[in-house]
Amino acid sequence: MTTKKWWKEAVVYQIYPRSFNDSNGDGVGDIQGIIEKLDYLKELGVDVVWLSPVYKSPNDDNGYDISDYRNIMDEFGTMADWEEMLAEMHKRGIKLIMDLVVNHSSDEHEWFQESRKSKDNPYRDYYIWRPGKNGTEPNNWEATFGGSVWEYDEQTDEYFLHLFSKKQPDLNWENPKLRQEVYDMMKFWLDKGIDGFRMDVINFISKVEGLPDGEKVEGKKYVSGHQYFMNGPRIHEFLQEMHKEVLEDYNVMTVGEMPGVSPEEGKLYTGEERKELNMVFQFEHMDLDTQPGKNKWHLKPLDLRDLKKSLGKWQSELEDGGWNSLYWNNHDQPRIVSRWGDDKEYRVTSAKMLATCLHMMKGTPYIYQGEELGMTNIKFDSIEDYKDIETLNMYNERVVGNGEGPQEIMQSIYTKGRDNARTPVQWDDSEHAGFTTGNPWIKVNENYQEINAEKALDDKDSIFHYYRKLIQLRKQHEVIVYGSFEMMYEEHAEIFAYTRTLGEETLLVVTNFSGNTHKFDSSIDLKYAELLISNYEVAEKEANSFELRPWEARVYKI
Ligand code: GLC
Ligand code: CA
């Protein structure tokens, strides 16, 4: 039996503040801009906002490089603005979870400024410093944003570790003083009244002692070292300590971002009696359209059977005692309707289908800004228009460095680049989509006259109103939150169908991940079933079988 918790019943909405809404015309989204749109979120019906980082940052990685954990970035506003935002959210019954980025800080953080000064500085061990090996880097690991994970620092003639950019030095979790600083900082925000944390790459914080070399790859100087820092040796100890020192005293929710986590490990992280985290963001399903063993830029079409197998395994593994988070999108992923739906002829229908499939599974659903509008990927002709450090570093390394042809690489960027998710939210059909009166920091998608919030609110058949209905259904039917999950038709290449069961109640969820028509045969008699939601008109009650139209979704309650 699954225990009842408020965060299991909730739907979370992610705000990426830079691209959400600009209140003062400088082209950058900000906190007052968020406040302006809270009634919109209230209308959608979400319970929780996850706010991507708004702390002080030089923005090497758009706020995921923090130089002061206890203050607000000037571009976004002031602490007073932030407090006003929290109060306005709470007034509307919306909770707030903040991003906690503590695998690394910015190199401009005071701790790092001190740390680099001398080997006996009190902050030296807040970071991971090593002497060089044979005149070169201490090991051969490759950074996520390219090059070595090591940066040489002349002042002390040592290297510091950075799993991401060289402006994001990794914090040293082996140091109990550093851990205490993090816990104190968490309490600082919790005492201001926030409702939890989303924890950035939190399964990277424990590194294997000795930081051994990764397995060599022919022709490559730097290689993946992930087995030495993903789900490392002390990770469960650190999370349990954090729980005991901080989280235990607050009724809050936590979700850990965890690349490379398996369902078996997911169960350990989220098992209730283990007192670590409430849920994790896993990436297995996000990697299914990548060639095996390669990085994300090496494309491969999705086989729906892989998706069902992966999500199905997570559903069953976390059935007892654990909990899933459900997402198609975030600020690092391409737009789902462009990725696994049809963003042309069936944009509206396929966006609704994808939403249905996700929100009816067992777990807490997340909506990423603009997903509720069916916003699509972006194609800029010129690399000059891209802003994301990951995209730009990859392009430079391969096109400028390796002399590869840009064409194929642009195709990868169109399909997988993080800026797909980061173009401004399209609010209306005025210039710059109503996001800003100034010059947007990144270009608006040209389709804003067709796809925007104002239009969606006016159209009762819009994707927005469909999401609203899905959220309402969650409040009305316990089976959506707590029912157990069972996959149907595992071998079917285009239909994704499952049931959810709680006591006497059963939900049947049928979705078509294709533009083809399929006959659906149900072993369940649907004559007396209630159709809870569908993205097509369903004329009359049909018995055990029906024609599933392109990208159709239906949910029956039996
Ligand atoms: C996480 C964030 C991503 C960021 C990285 C480094 O994956 O979601 O945006 O670049 O961590 O902080
Ligand atoms: Ca602004």
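Whatever order the structure lists them in is the order used to number ligands and atoms, beginning at 1. In what follows, every heavy atom counts, from backbone to side chain, and hydrogens, waters and symmetry copies are set aside.
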For atom 8 (O) of ligand 1, the protein heavy atom that lies nearest, with its residue and separation: D332 OD2, 2.5 Å
Heavy-atom nearest neighbour in the protein, as seen from atom 10 (O) of ligand 1, with distance rounded to 0.1 Å: D61 OD2, 2.5 Å
Mutual orientation of the aromatic rings belonging to Y414 and Y386 [parallel < 30°, tilted 30-60°, perpendicular > 60°]: tilted
Residue and atom name of the nearest protein heavy atom (relative to atom 5 (C) of ligand 1), distance in Å to one decimal: F164 CE2, 3.8 Å
Exam field: side chain N172 to backbone D125, donor-acceptor pair closer than 3.5 Å: yes
Part of E390 within contact of ligand 1 (heavy atoms, under 4.0 Å): neither
Ion pair check, D343 and R335, cut-off under 4.0 Å: no
Heavy-atom nearest neighbour in the protein, as seen from atom 2 (C) of ligand 1, with distance rounded to 0.1 Å: D200 OD1, 3.0 Å
Presence of N, O or S from N24 under 3.0 Å of the Ca ion (ligand 2): yes
Where ligand 1 meets H104 - atom numbers and elements under 4.0 angstrom, heavy-atom basis: 6 (C), 12 (O)
Aromatic plane relationship, W129 with F112 - under 30° parallel, 30 to 60° tilted, over 60° perpendicular: parallel
Parallel, tilted or perpendicular, as decided by the 30° and 60° cut-offs, for the rings of H331 and W50: perpendicular
Under 3.0 Å: N/O/S of G25 next to the Ca ion (ligand 2): no
Residue part near ligand 1, for F281, under 4.0 Å between non-hydrogen atoms: neither
Nearest atoms (heavy-atom pairs only) where D200 meets E257: OD1-OE1, 3.5 Å
Ligand-residue contact atoms, ligand 1 with H331, heavy atoms, under 4.0 Å: 2 (C), 3 (C), 8 (O), 9 (O)
Aromatic plane relationship, W173 with F238 - under 30° parallel, 30 to 60° tilted, over 60° perpendicular: tilted
Subset of ligand 1 atoms that lie under 4.0 Å from at least one heavy atom of F145: 10 (O)
Ligand 1 versus Q333: contacting region, heavy-atom distance under 4.0 Å: neither
Metal site the Ca ion (ligand 2): N/O/S of E75 inside 3.0 Å: no
Parallel, tilted or perpendicular, as decided by the 30° and 60° cut-offs, for the rings of F164 and F204: parallel
Derivation of the salt bridge (charged side-chain N to carboxylate O under 4.0 Å, His left out) call for R234 and E174: CA-CA 9 Å; R234 298 183 71 188; E174 298 296 324; 2.6 Å; yes
D30, N/O/S atom nearest the Ca ion (ligand 2): OD2
Atom name, D26 (N, O or S, nearest to the Ca ion (ligand 2)): OD1
Mutual orientation of the aromatic rings belonging to Y55 and W189 [parallel < 30°, tilted 30-60°, perpendicular > 60°]: perpendicular
Per-atom contacts, ligand 1 versus R418 - under 4.0 Å to a heavy atom: 3 (C), 4 (C), 9 (O), 10 (O)
Exam field: side chain N452 to backbone Q426, donor-acceptor pair closer than 3.5 Å: no
Nearest protein heavy atom with distance in Å, relative to atom 7 (O) of ligand 1: E257 OE2, 2.9 Å
Name of whichever N/O/S atom of D22 is nearest to the Ca ion (ligand 2): OD1
Charged N-O contact under 4.0 Å between R92 and D39: yes
R198 heavy atom under 4.0 Å from ligand 1: yes
